[in-house]
Amino acid sequence: MADLILTPNLDNADDFYAGLLAAHEGLSKTDSDALNARLILVLANHIGDADVLTQAVKTAAKKPG
């Protein structure tokens with residue numbers, strides 16, 4: 001089982017974030033939510049490891065603080 005990587009691991013993170021924001025520009029809340037859902041499914045398919053994905057869901061579901 002692979003472990004979820006929680007340390008910075010993305011080259012050009014600012015560029016990625018800018019592109020993500022640009023993809024949402026002009027979208028309604030509904031369309032933005034749908035884009036996020038499709039992106040999650042595309043990335044989940046790319047990761048392809050159910051254990052890692054389960055770790056990611058549990059980590060994301062934790063409330064900060």
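Leu10 is not connected to Ile47 by any chain of hydrophobic side-chain contacts under 4.5 Å among Ile, Leu, Val, Met, Phe, Trp and Tyr, and they are in different clusters.
With contacts defined as side-chain heavy-atom distances shorter than 4.5 Å, the pair Arg38/Leu41 does not qualify.
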Acceptor/donor pairs from residues 11-25 side chains to any protein atom, 3.5 angstrom cut, sequence neighbours excluded:
{"from": "His24", "atom 1": "ND1", "to": "Ser32", "atom 2": "OG", "distance (Å)": "2.6"}
{"from": "His24", "atom 1": "NE2", "to": "Asn36", "atom 2": "OD1", "distance (Å)": "3.1"}

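Under the rule for a side chain to side chain contact (heavy atoms under 4.5 Å, CB included), the partners of Thr59 that lie at least two apart in sequence or sit in another chain are Leu4, Leu6.
Counting non-hydrogen atoms of other residues, nucleotides and ligands closer than 6.0 Å to CD1 of Ile5 gives a total of 12 or fewer.
One distance of note links CD1 of Ile40 with CG of Asn45; it measures 13.5 Å at 0.5 Å rounding.
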